Amino acid sequence: MEIIIQPDAAEASRVAARIVARLVGDKPHAVLGFATGNTPLQLYRELVRLRREEELDFSGVTTFNLDEYVGIAPAHPSSFHSYMWAHLFSHINVPKQRIHIPDGLTADIPATCRHYEQAIRSAGGIDIQILGIGTNGHIGFNEPTSSLSSRTRIKTLTEESRKHTAAGFGGTGGVPTHVITMGLGTIIDSRMCLLLAFGKKKARAVARAIEGPVTAMVPGSVLQMHPRTVAVLDREAASELEMADYYTWVYDHKPDWQRY
Ligand code: GLP
């Protein structure tokens, strides 16, 4: 795994945006996998800026989001649909018909999950999957003990995850109990994974995912099995990494042709 440690979230998000922008520039029909949560907000702001100021062209891309709450309408202000339109899709020129987010209102969850997997395959697979990480090590909404080879399916949220989004649902009691999420197997089928983590509260999960044993108890650790994962961290999120000095040295000594 390539680990890039930046002074703060703003710098780290700019590195991540350059990685995405380069992909979209090189491959206009790229398939982009998006995440929600606080972590990618600055990345999305930077992509919007690149669209506005440098005419980065998203007209050929296809997108797939990691997850959505079950029982929540797209128009609900705390749905991941609303999040994506508010922070990214309304501000870039991605065609609506090529945006995919799991349907939280479906009457047939297994069929919806199968079709989601099929849609990813038909699009040619995901070129880059943006990921955050939960304090318990989840990626997407694959909570601890998720199968490392799981596919898109329904999952039950942990209390910790429900607390994290309580504000958007009028308290933990209002947070949906279930979600549809890409599986860990789905995520690591992506050609590249771009993991972002910022702040002290992510340090333990980051250290366990990157340097700990590969275990379903830390779903993010499955990325150790992925041939091309780049983790872009701020100093605080990297603060519990044993090999942090080495990662910084490696980044500082990258050959020019490998720089982002
Ligand atoms: C969420 C999402 C994840 C996200 C994680 C961390 O609930 N399903 O995709 O990465 O939790 O959230 P945040 O970025 O707000 O810390």
Side-chain angles (χ1 to χ4, degrees), residues 8-10 12-13 16-17 20 32-46 63-72 76-84 86-88 100-102 104 113 116 126 128-146 150 152-169 172 174-184 186-188 190 193-210 218-223 229-234 236-239:
D8 54 36
S13 300
V20 176
L32 309 179
F34 287 123
T36 53
N38 294 318
T39 307
L41 285 174
Q42 294 182 73
L43 161 64
Y44 296 156
R45 232 173 279 145
E46 182 62 11
T63 76
F64 288 92
N65 261 76
L66 284 168
D67 43 19
E68 181 57 286
Y69 295 106
V70 169
I72 293 294
H76 186 289
S78 294
S79 74
F80 290 159
H81 279 77
S82 294
Y83 171 106
M84 288 309 299
H87 298 294
L88 189 63
H100 303 83
I101 305 177
C113 295
Y116 206 66
I126 295 170
I128 189 168
Q129 178 62 57
I130 312 296
L131 296 166
I133 188 164
T135 48
N136 64 2
H138 76 227
I139 55 173
F141 260 138
N142 294 279
E143 299 285 28
T145 72
S146 287
S150 47
T152 302
R153 70 214 182 292
I154 187 169
K155 284 295 288 180
T156 309
L157 292 180
T158 58
E159 184 72 7
E160 187 175 345
S161 295
R162 294 179 68 231
K163 274 190 188 139
H164 182 69
T165 45
F169 294 95
T172 310
V175 181
T177 49
H178 293 86
V179 291
I180 294 173
T181 180
M182 281 188 206
L184 295 173
T186 319
I187 291 169
I188 64 166
S190 307
C193 290
L194 183 55
L195 174 70
L196 305 179
F198 309 135
K200 185 82 194 135
K201 63 178 191 303
K202 296 295 174 72
R204 183 162 178 268
V206 163
R208 292 174 80 204
I210 294 177
V218 184
S221 67
V222 75
L223 296 171
T229 288
V230 178
V232 190
L233 314 171
D234 69 359
E236 290 187 336
S239 60

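Each ligand, and each atom within it, is numbered from 1 in the order the structure gives. What you are looking at is a predicted structure, and each value in this text was computed from that prediction instead of being measured.
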Colleague: What part of Ile133, side chain from CB on, backbone N/CA/C/O, both or neither, has a heavy atom under 4.0 Å from ligand 1?
Modeller: backbone
Colleague: Does the plane of the ring in Phe141 sit parallel, tilted or perpendicular to the ring in Tyr69? Use 30° and 60° as the thresholds.
Modeller: tilted
Colleague: Test your reading of the model: is there a side-chain donor-acceptor pair from Ser82 to the backbone of His76, 3.5 Å cut-off?
Modeller: yes
Colleague: Which of parallel (below 30°), tilted (30 to 60°) and perpendicular (above 60°) describes Tyr44 and Tyr83?
Modeller: perpendicular
Colleague: Among all protein heavy atoms, pick out the one at the shortest distance from atom 5 (C) of ligand 1; state its residue, atom name and that distance to 0.1 Å.
Modeller: His138 NE2, 3.4 Å
Colleague: Could you list the atoms of ligand 1 found under 4.0 angstrom from a heavy atom of Gly37?
Modeller: 14 (O), 15 (O)
Colleague: Taking 4.0 angstrom as the limit and counting only heavy atoms of Asp67, give me the atoms of ligand 1 inside it, by number and element.
Modeller: 8 (N)
Colleague: Say whether, by atom type as modelled, one donor and one acceptor occur between the side chain of Glu68 and the main chain of Ile180 under 3.5 angstrom.
Modeller: no
Colleague: Would you say the side-chain atoms of Lys155 pair up with the backbone N or O of Glu143, donor to acceptor, closer than 3.5 Å?
Modeller: no
Colleague: Any idea which protein heavy atom is nearest atom 16 (O) of ligand 1, and the distance to it?
Modeller: Lys202 NZ, 2.6 Å
Colleague: Counting from 1, what ligand 1 atoms have a heavy atom of Thr39 closer than 4.0 Å?
Modeller: 13 (P), 14 (O), 16 (O)
Colleague: Quick check on contacts: which atoms of ligand 1 are under 4.0 angstrom from a heavy atom of Gly132?
Modeller: 10 (O)
Colleague: Under a 3.5 Å cutoff, is there a donor and acceptor pairing between the side chains of Asn142 and Arg153?
Modeller: yes
Colleague: Does Thr36, backbone or side chain, put an N or O under 3.5 Å from an N or O of ligand 1?
Modeller: no
Colleague: So do the side chains of His138 and Ile133 get within less than 4.5 Å of each other, counting heavy atoms only?
Modeller: no
Colleague: Counting both backbone and side chain atoms, is some N or O of Gly140 under 3.5 Å from an N or O of ligand 1?
Modeller: yes
Colleague: What residue and heavy atom of the protein are closest to atom 12 (O) of ligand 1, and at what distance?
Modeller: His164 NE2, 3.5 Å
Colleague: Assess whether atom CZ of Arg204 is packed by more than 12 heavy atoms of other residues, nucleotides or ligands within 6.0 Å.
Modeller: no
Colleague: Would Thr165 count as a polar contact of ligand 1, with the cut-off being nitrogen or oxygen pairs under 3.5 Å?
Modeller: no
